[in-house]
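Have a look at the structure below, then the notes.
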Number of protein chains: 2
Amino acid sequence: MSHVRYSCLMPVDRDHVLRTAAALLTRKSTATMDEVAKAAGISRATLHRHFAGRDALVRALEALGIAECEAALDAARPDEGPASDAVRRLVREIEPSAGLLAFLYTENQLFEAEQQNAGWTRIDDRIAALFRRGQATGEFRIDLTPAWLTEALYGLLASGAWAVLEGRVAPRDFTHMIVELMLGGALRREES
Amino acid sequence: MSHVRYSCLMPVDRDHVLRTAAALLTRKSTATMDEVAKAAGISRATLHRHFAGRDALVRALEALGIAECEAALDAARPDEGPASDAVRRLVREIEPSAGLLAFLYTENQLFEAEQQNAGWTRIDDRIAALFRRGQATGEFRIDLTPAWLTEALYGLLASGAWAVLEGRVAPRDFTHMIVELMLGGALRREES
DNA sequence: CCTGTATGAGACATCAATGTCTCACGTGCG
DNA sequence: CGCACGTGAGACATTGATGTCTCATACAGG
């Protein structure tokens, strides 16, 4: 794994293919292998050489999404300082992956009875733990369960990604919109 | 259109088929016509007699979703009283349709360049107007745009519907969880 | 220069879902 | 009773995506 072999005109960059596929599937979750290949600038044959099939591609995207989520969680230091600041850091870190997350979030509805990737459970637990910590310190209200807050955060990330995609929200406002709604809600606060 | 003809054992109830389909597609958005027919307790042939194809079925579901949303908006009286109470009424009224809405919300990602049903625009406008009214009266903060609040409400409704479906949230808490997060956010309020 | 390797293009079979059709059955109605 | 109507079951062709294959090409390295 130390030396990479470059051979032809364009030595297919697995990571580039995955990111292109993620961007496409975020917009059109039913895109065909042919469309994914064209979007990545490679032929369908080559795409199929690197990912055995559509399933394998989605699984690879899932693995990428999990990896990015965990990296975001690590970078957000969810155990340090006020929980609200940690939530803000988390959303900021996770923003670049929001589109991919939105795709996987809806795609996961397909994983019905099957065992879902253990990575998601780990991420769910870490995020729920953050909200639980905030409740323990008195920062967060306790009538909203950590599980729901976690789920809601996913939903808002997906909504935010789509809203930006369709031009209903400015990209630069993404983090602010999500964090402020998530933490403060729509009601105007009495100056505290 | 005044008298209905009953003919055979089970005179297919169009509304029943639609609601069964909605419930199924909420759980498995890729269900086939065969699965939809089985879920509704009719044969694929009969299903196809009532809905020309999958497209027609989805369109019918869209029309149903729009109708239920508008009915919920009417019942919620969005122009009366405090805007926050109106939001609460709206979520309560829309709760039974949340599953269908969640399906349509993700399905709409497919309506890429096509003209989306004008009904959604009308609903978007009415909900956005409610948030705008709340901002005008000083109830709602003004740094979150009405368009984003509307989008976020859709996202939370979908998240809530799925969370209930998977048992992560108790059905009876649905409205409370959504309204409280939407309006108040996760932060604990200073006693106001 | 020659070989190895990965690609692009395209042909091909396969499979699942769809849409269409026919036919037999059972019920309501005349 | 007999007719009309809607249904269920199943056969059938069609379509679109998928997975597999072959072959020509182009570059890298020896």
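Note on naming: letters A, B, ... go to the chains in the order of the sequence lines (proteins, then strands), and numbering restarts at 1 for each one.
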Euclidean distance, atom NZ of residue Lys38(A) to atom C1' of dA17(D) [Å, nearest integer]: 13 Å
Non-neighbouring partners of Arg168(B) that pass side-chain hydrogen bond (donor to acceptor under 3.5 Å, both in side chains), sequence neighbours left out: Glu151(A), Glu166(B)
Test salt bridge (Lys or Arg N to Asp or Glu O under 4.0 Å) applied to Asp15(A) - qualifying residues, sequence neighbours left out: Arg19(A)
Arg89(A): salt bridge (Lys or Arg N to Asp or Glu O under 4.0 Å) partners, not counting sequence neighbours: none
Sequence-distant partners of Asp74(A), salt bridge (Lys or Arg N to Asp or Glu O under 4.0 Å), two or more places apart: Arg126(A)
Counterpart residues, side-chain contact (heavy atoms from CB on, under 4.5 Å), relative to Thr20(A) (two or more places apart): His16(A), Ala39(A), Ala40(A)
Reading 5' to 3' through nucleotides 16-23 of chain C, protein heavy-atom contacts under 4.0 Å coded B for base, S for sugar-phosphate only, - for none: -SBBB-B-
Integer-rounded Å distance: dT7(D) C1' and Asp13(B) CG: 15 Å
